[in-house]
**Q** 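Shown below is the structure under consideration.
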Amino acid sequence: MTITEKVIARHCGRSRIAPGESVWVEVDILMTHDVCGPPTIDIFKREFGEEAKVWDPEKLVILPDHYIFTQNHHANRNVRLLRAFAEEHDLPHYYDVGSPRYKGVCHMALAEEGFNRPGSLLIGTDSHTCTSGAFGMFSTGVGNTDAALIMGTGKIWLRVPETMRFIFEGVLPPYLMAKDLILAVIGDIGCDGATYRAMEFDGESVYSLSMQERMTLTNMAIEAGGKNGIIAPDQTTIEYVHARTDAPFECVYSDEDARFYSEYRYDVSTLEPVVAKPHRPDNRASVVEVAGTSLDRAYVGSCTGGKLEDFQAAAQIIKGQEVVIDTYIVPATTEISNALRTTTLDGTTLWDVFVEAGCKMGQASCAACLGGPPDTFGRMQGNEVVISTTNRNFPGRMGSKQASVYLASPLTVAASALNGVITDPREVLV
Amino acid sequence: MESNVRGLAYVVGDAIDTDQIIPAEHLVYSLKKPDERRMYGRFAMSGVPVQVQGLPEGHVPFTDPDKYESRFTFVIGGTNFGCGSSREHAPFALTEAGAKVVIAESYARIFYRNTIDGGFVVPFEANEKINDQICTGDDLELDTRLGQLTNHTTGKEYLLKPLGDVAEILNAGNVFEYARQNGLIALSDGIH
Ligand code: SF4
């Protein structure tokens with residue numbers, strides 16, 4: 001069996017399962033946020049009664065992150081609804097806005113707070129819940145109805161997916177990041193190339209990556225239609241998890257004779273920096289092909305591109321220079337935001353590197369990654385052309401549906417911010 | 001699930017993602033309060049770029065301006081319908097606008113699952129590319145049990161793929177009813 005099959009088998013009390021079977025599994029963690037939390041709670045109450053209790057308060061994690069710093073009355077109401085529910089059910093893992101507990105983008109917060117543990121099964125009301133798979137666990141996104149059923153029973157039905165394996169070999173050159181690898185994969189297999197399937201990432205180049213970079217790979221499994229992304233745990237995983245939680249966990253690995261639906265091999269030393277052109281994540285082009293495309297904005301942020309290492313990469317390019325287009329810096333979480341002020345590059349904090357370069361600094365949240373209310377920080381309002389480290393560029397994703405979004409690595413975005421046109425990071429990396 | 005559905009077709013292209021079905025800025029309305037809930041019907045499919053709204057001509061809104069219900073019963077798509085975010089607001093918006101059936105060549109997993117588990121629009125898969133054979137405004141009729149689709153405007157007939165084992169959940173109404181009927185939730189749990 002593959003890791004994905006094994007984790008699902010363990011959670012339905014079976015020793016063997018096969019792809020295609022539908023099974024009811026026990027959920028270890030249910031995550032929800034401010035957009036899908038309130039309607040999930042409505043359905044939970046409708047189905048289980050106004051007085052119903054959450055199946056296990058220890059296993060429910062609520063992270064407001066999407067529409068946080070806005071005057072929008074309805075968005076703010078959503079946060080109040082979450083707060084009231086957390087109080088009513090005495091939920092230990094609610095991370096309230098405006099409190100010292102506030103975290104920011106849910107998928108990063110789950111990792112930072114130790115909710116991602118090898119071998120476990122996590123469901124979230126967000127399509128990028130597949131991010132957690134970087135920890136050798138099964139994680140996938142669902143809608144409000146499924147989440148409400150879990151809230152009441154701790155259970156969900158899952159169809160066991162077939163697994164596609166992506167093997168990366170070789171040493172990653174300094175001008176490439178995990179974002180280039182996953183955009184290459186999505187370009188190869190298409191936005192629906194992995195629909196209903198697990199995407200397992202394997203190979204020495206993957207294990208040479210940090211947890212943050214691994215999460216960039218699994219985060220975008222959904223952009224190929226994948227049900228989950230997964231990476232076998234190793235020492236890097238175990239050290240990260242031990243530093244964040246005392247909770248026990250058990251690592252599982254794909255068997256030698258595990259059956260894969262398909263296998264793709266990449267020699268990373270031969271790959272190039274790539275972008276996804278408007279308006280689809282699989283609309284791949286090498287940066288060389290689109291170099292010189294004129295831009296109005298650059299954006300570094302989101303669960304896939306707003307991690308500390310993403311800013312370290314961008315700062316490395318931007319340091320000591322000035323951006324020539326509006327450049328937005330949005331840390332995914334408060335922890336990352338704080339780290340920007342303490343992590344230095346040649347004696348200057350990353351925060352100062354960006355401020356001195358003329359970037360606009362945002363607060364930890366999803367911000368313009370998904371457009372949001374019109375007053376959202378960095379949101380596209382017209383026909384802007386933007387290069388962004390986010391994960392999705394369908395029409396209107398970042399606000400205005402007239403805007404054009406290029407997806408790229410933080411290195412490519414930073415290099416482009418300096419020139420105002422799409423720029424190959426190899427041109428500016430010293 | 002109604003055994004026979006008849007109404008007008010609304011045709012769109014490939015990879016209609018959930019931001020096009022219901023743009024993120026509208027996700028703030030309560031699904032419970034009737035005066036807010038109807039906004040989902042009003043803005044359903046409003047994220048589709050205007051030139052491809054209602055193919056082949058385009059520029060046909062799914063819901064007319066200032067209306068809360070659509071005149072279209074069938075949404076006809078291409079590949080990977082409903083890709084993108086996990087928002088259940090997407091199938092909800094189509095249902096709230098009055099649509100009953102989506103027919104596409106293929107679906108993104110979460111959207112498909114949401115339609116079934118939530119008991120919203122019924123997602124049928126076509127055996128062939130049909131969004132270039134059906135025009136917005138065509139008069140369609142579907143026998144949902146046989147998967148037999150008739151286009152009364154062109155006279156063409158299509159046999160759609162069988163719904164498979166998800167039909168059990170569809171027939172139960174939604175995943176809660178299915179879970180109750182199968183003993184996964186005690187019948188005493190909750191209000192029916
Ligand atoms: S940062 Fe973007 S992709 Fe990530 S959870 Fe927020 S809206 Fe979704």
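Numbers restart at 1 for each chain; the letters A, B, ... are given by sequence-line order, proteins then strands.
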**Q** Any side-chain heavy-atom pair from B:T18 and A:F394 closer than 4.5 angstrom?
**A** no

**Q** Go through the atoms of A:R397 and report whether side chain, backbone, both or neither lie under 4.5 Å from a heavy atom of chain B.
**A** both

**Q** When heavy-atom pairs shorter than 4.5 Å are enumerated against chain B, which of A:T195, A:V142, A:T40 gives the highest number?
**A** A:V142

**Q** Is the closest side-chain heavy-atom distance between A:D192 and B:T79 below 4.5 Å?
**A** yes

**Q** Pick one of side chain, backbone, both or neither for A:N144, based on which atoms fall under 4.5 Å of a heavy atom in chain B.
**A** both

**Q** Can you tell me which of A:G371, A:S22, A:C191 forms the most heavy-atom pairs within a distance under 4.5 Å of chain B?
**A** A:C191

**Q** Tell me whether the rings of B:Y112 and A:Y196 are parallel (<30°), tilted (30 to 60°) or perpendicular (>60°).
**A** perpendicular

**Q** Where do B:F176 and A:E47 come nearest, in terms of heavy atoms and distance?
**A** CB-OE1, 3.3 Å

**Q** Counting only non-hydrogen atoms closer than 4.5 Å, does B:F92 touch chain A with its backbone (N, CA, C, O), its side chain (CB onward), both, or neither?
**A** neither

**Q** Could you tell me if the side chain of A:K227 sits less than 4.5 Å from the side chain of B:I110, heavy atoms only?
**A** no

**Q** Under a 4.5 Å heavy-atom cutoff, which of A:R159, A:R77, A:E51 has the most pairs with chain B?
**A** A:R77

**Q** Quick one: what part of B:I169 sits under 4.5 Å from any heavy atom of chain A, side chain, backbone, both or neither?
**A** side chain

**Q** Looking only at side chains, do A:T140 and B:R109 share a donor and an acceptor under 3.5 Å apart?
**A** yes

**Q** So which part of A:A148 gets closer than 4.5 Å to some heavy atom of chain B, the side chain, the backbone, both or neither?
**A** both

**Q** If we define contacts as heavy-atom pairs under 4.5 Å, which of A:L370, A:L149, A:N76, A:I222 has the most with chain B?
**A** A:L149

